[in-house]
Amino acid sequence: MIVIENVGPAPPKLHNTQWLKRLRWGCLFTLMVLIYGSHAPLITLTKVDGVVPFNPSSCVVIIELAKLMISFMSLILTGRFSALQSCPSLVIVAPYAVPAVLYALNNNLVVLMQAYMDPSSYQVLSNLKIASTALLYSFCLGKRLNFRQWFALGLLMAAGACHSYSSLDLEEMESKDNANEPSRLHITSWGLFLVLVYCCVSGLAAVYTEMVLKRQKLPLSLQNLFLYVFGVGLNLLSSFSTIANGRGFLEGYTIVVWVIIAGQAVNGLLMSVVLKHGSGITRLFVISCSMLVNALISWAVLELQLTPTFLLPVTLIGLAAYLYYR
């Protein structure tokens, strides 16, 4: 008699486990998209006479500090504090300084680029980081993407560009109201170079972080602790310049600002879960979907009008997700 194993329908327990896993990832994805999408509208709500009243540098420091404290408490509550007491070597800890440096560099590049191009051009061209992240993801992590997946990521870039262009009219109207002169799209060769550097650094930061989190067999809470120690240190140094200029560390903080801080801290920790147990490509879909949530919240709360072209990026993102994950 010949016995063939593992043939037939999977046991109900396995189906339930897979269903619960998909449900957890779906809830995590939805929460991250909502937090990402609400970030810009919440910042707009904090503005007084068109100006952000709080110190952005201090806000970043507090976000990093919150993530550091949550990681430390998680390490204690999960009974893994002994891993920290064993005094990890410099070889283990040092790689976590690289993402902090790369993200700090990216934040400064965003500010620097504004002098060499208009905000609309930056918004459109920054979608190139999808391509740079995918290329680095494939090259550095050895993850081969098939033609269908590359095509899906191309659709994701197209969706971002379409969404950016659909908001140009609104931005031009705002510029005319504020400056009483027509805005003009412009970008210099130096600005184009900075955009390419920004996209490469952004992709490298995400891919490198994923590589470190996955290759080191350490608890995620401990890895987050290492990451955010360097993050707090670098951002604290950068905030000293604004404090020295006479702006208080907590000046202009309101309830909405604290909501922003809480949301960004939670999102940073959730992103670590995605990079540790999932894929950096998922991060790209989160960011792309958050653009749509951003537009919907701005329409509902800030009374901005949605153009008919809004349906095009919605369709492209949905098609990209279907092609990539099917």
*Asks:* When you group the ILVMFWY residues by side-chain heavy-atom contacts below 4.5 Å and let the links chain together, are Tyr322 and Met291 in the same group?
*Replies:*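 Each belongs to a different hydrophobic cluster.
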*Asks:* Looking at every heavy atom in both Ala131 and Met157, which two are closest together, and how far apart are they?
*Replies:*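 In this case the closest contact between Ala131 and Met157 is CB-SD, 3.6 Å.
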*Asks:* Would you check if the side chain of Asn235 reaches a backbone N or O of Gly231 as a donor-acceptor pair within less than 3.5 Å?
*Replies:*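 Pair found, side chain donor or acceptor close to backbone of Gly231.
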*Asks:* Checking side chain to side chain donor-acceptor pair (under 3.5 Å) for the pair Tyr103/Glu64: CA distance, chi angles, key distance, verdict?
*Replies:* CA-CA 12 Å; Tyr103 285 122; Glu64 294 295 306; over 6 Å; no
*Asks:* For the hydrophobic clusters of this structure (ILVMFWY residues joined by side-chain heavy atoms under 4.5 Å, transitively), does one cluster hold both Met69 and Leu227?
*Replies:*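 In one cluster with Met69: Leu227, yes.
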*Asks:* Would a 4.5 Å heavy-atom cut-off, applied to side chains only, mark Ser298 and Asn294 as touching?
*Replies:*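 When only atoms from C-beta onward are counted, Asn294 and Ser298 do touch, with a gap below 4.5 Å.
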*Asks:* If hydrophobic clusters are built by linking Ile, Leu, Val, Met, Phe, Trp and Tyr wherever their side-chain heavy atoms come under 4.5 Å apart, do Leu145 and Phe151 end up in the same one?
*Replies:*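 No, it is not one cluster - the side chains of Leu145 and Phe151 are not joined through contacts under 4.5 Å.
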*Asks:* Could you tell me how the ring of Tyr116 sits relative to the ring of Trp190: parallel (under 30°), tilted (30 to 60°) or perpendicular (over 60°)?
*Replies:*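 Rings of Tyr116 and Trp190: perpendicular, over 60°.
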*Asks:* Step through the shown structure and confirm whether more than 12 heavy atoms of other residues, nucleotides or ligands are within 6.0 Å of CG on Leu77.
*Replies:*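 Yes, because the 6.0 Å sphere around CG of Leu77 holds more than 12 heavy atoms from other groups.
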*Asks:* For Leu269 versus Ser71, what's the shortest heavy-atom pair and its separation?
*Replies:*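 For Leu269 versus Ser71, the nearest heavy atoms are CD2-OG, 3.7 Å.
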*Asks:* Please tell me if the side chains of Met211 and Leu141 come closer than 4.5 Å, counting only heavy atoms from C-beta onward.
*Replies:*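 Yes, close enough: below the 4.5 Å cut-off.
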*Asks:* Answer yes or no: is there a side-chain heavy-atom contact under 4.5 Å between Thr44 and Val301?
*Replies:*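 Contact flag for Thr44/Val301 side chains = no.
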*Asks:* Taking atom NE2 of His39 and atom CG of Asn267, what is their separation to the nearest 0.5 Å?
*Replies:*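 Interatomic distance, His39 NE2 to Asn267 CG, rounded to 0.5 Å: 10.0 Å.
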*Asks:* Does Val212 share a hydrophobic cluster with Val93, counting links as ILVMFWY side-chain heavy atoms below 4.5 Å and allowing steps through other members?
*Replies:*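 Linked, Val212 and Val93 end up in one cluster.
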*Asks:* Is there side-chain contact between Arg326 and Arg148, with at least one heavy-atom pair below 4.5 Å?
*Replies:*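 The answer is yes; the side chains approach within 4.5 Å.
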*Asks:* What's the separation between atom SG in Cys199 and atom CG in Leu204, rounded to the nearest 0.5 Å?
*Replies:*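 It is 12.5 Å, given to the nearest 0.5 Å.
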*Asks:* Is there side-chain contact between Ile261 and Cys59, with at least one heavy-atom pair below 4.5 Å?
*Replies:*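 Heavy-atom side-chain distance check passes, below 4.5 Å.
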*Asks:* Contact between Tyr137 and Ser279 at the side-chain level, heavy atoms closer than 4.5 Å - yes or no?
*Replies:*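 Of all side-chain heavy-atom pairs linking Ser279 with Tyr137, at least one is under 4.5 Å.
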*Asks:* How close do Ile281 and Tyr325 get, heavy atom to heavy atom, and via which atoms?
*Replies:*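 Minimum heavy-atom separation between Ile281 and Tyr325: C-OH, 4.2 Å.
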*Asks:* Taking all non-hydrogen atoms of both residues into account, name the closest pair between Val257 and Gly252 and its distance.
*Replies:*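 Taking Val257 first and Gly252 second, the nearest heavy atoms are CG2-O, 4.2 Å.
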*Asks:* Is the CZ atom of Arg144 crowded by more than 12 outside heavy atoms at less than 6.0 Å?
*Replies:*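 Check fails, neighbour count at 12 or below.
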*Asks:* How many angstroms lie between CD1 in Ile287 and OG in Ser202, if you round to the nearest 0.5 Å?
*Replies:*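 With rounding to 0.5 Å, CD1 (Ile287) is 6.5 Å from OG (Ser202).
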*Asks:* Does the side-chain contact (heavy atoms from CB on, under 4.5 Å) test come out yes or no for Cys289 and Tyr36, once each step is laid out?
*Replies:* CA-CA 9 Å; Cys289 291; Tyr36 262 110; over 6 Å; no
*Asks:* Applying side-chain contact (heavy atoms from CB on, under 4.5 Å), run through Leu28 and Met32 and close with a yes or a no.
*Replies:* CA-CA 6 Å; Leu28 184 146; Met32 293 180 67; 3.4 Å; yes
*Asks:* Would you call the rings of Tyr324 and Phe285 parallel, tilted or perpendicular, where under 30° means parallel and over 60° means perpendicular?
*Replies:*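 Rings of Tyr324 and Phe285: tilted, as their planes differ by 30° to 60°.
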*Asks:* With side chains defined as the heavy atoms from C-beta onward, is the minimum distance between Ile62 and Tyr253 less than 4.5 Å?
*Replies:*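 Yes. Closest side-chain heavy atoms under 4.5 Å.
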*Asks:* Ring centroid separation for Phe147 and Trp150, is it under 6.0 angstrom?
*Replies:*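 Ring centres of Trp150 and Phe147 not closer than 6.0 Å.
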*Asks:* Do Val61 and Trp258 sit in the same hydrophobic cluster, where Ile, Leu, Val, Met, Phe, Trp and Tyr count as joined when their side-chain heavy atoms come under 4.5 Å apart?
*Replies:*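 Yes.
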*Asks:* Side chain of Thr133, backbone of Ile130: donor and acceptor closer than 3.5 Å?
*Replies:*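 Side chain of Thr133 to backbone of Ile130: no pair is present.
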*Asks:* By the definition side chain to side chain contact (heavy atoms under 4.5 Å, CB included), identify the one residue from Val98, Leu102, Leu275 that meets it with Thr209.
*Replies:*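 Per the side chain to side chain contact (heavy atoms under 4.5 Å, CB included) rule, the option paired with Thr209 is Leu275, out of Val98, Leu102, Leu275.
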*Asks:* Any idea which heavy atoms bring Gln264 and Ile63 closest together, and the distance?
*Replies:*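 Smallest heavy-atom distance, with atoms named: CB-CD1, 3.6 Å.
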*Asks:* Mind checking whether Leu316 and Leu156 have side chains closer than 4.5 Å, heavy atoms only?
*Replies:*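 Leu316 does not reach Leu156 side chain to side chain.
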*Asks:* Just checking Tyr208: does its OH atom have more than 12 heavy atoms from other residues, nucleotides or ligands closer to it than 6.0 angstrom?
*Replies:*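 Yes, because the 6.0 Å sphere around OH of Tyr208 holds more than 12 heavy atoms from other groups.
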*Asks:* Could you check Val286 against Val274 for side-chain contact (heavy atoms from CB on, under 4.5 Å), going step by step and ending with a plain yes or no?
*Replies:* CA-CA 10 Å; Val286 169; Val274 171; 5.9 Å; no
*Asks:* May I ask you to decide if Gln216's main-chain N or O and Gln223's side chain share a donor-acceptor pair within less than 3.5 Å?
*Replies:*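 Checked: pair present.
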*Asks:* Does Ser138 use its side chain to pair, donor to acceptor, with the backbone of Lys143 at less than 3.5 Å?
*Replies:*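 Yes; at least one donor-acceptor contact below 3.5 Å.
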*Asks:* Mind running side-chain contact (heavy atoms from CB on, under 4.5 Å) on Leu194 and Tyr198 for me, showing each step along the way?
*Replies:* CA-CA 6 Å; Leu194 289 177; Tyr198 163 78; over 6 Å; no
*Asks:* Any chance you could measure Thr30, atom OG1, to Trp25, atom CH2, to the nearest 0.5 Å?
*Replies:*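 Rounded to the nearest 0.5 Å, the OG1-CH2 separation comes out at 12.5 Å.
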*Asks:* Check Ser221 against Ser74 and note the closest heavy-atom contact, atom names and distance.
*Replies:*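 Scanning both residues completely, I find the closest heavy atoms to be CB-OG, 3.7 Å.
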*Asks:* Atom CG in Leu213, atom CE in Met271: separation rounded to 0.5 Å?
*Replies:*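 So the CG of Leu213 and the CE of Met271 are separated by 11.5 Å.
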*Asks:* CG of Leu220 to CG of Leu225: how many Å apart, nearest 0.5 Å?
*Replies:*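 Taking CG in Leu220 and CG in Leu225, the distance rounds to 11.0 Å.
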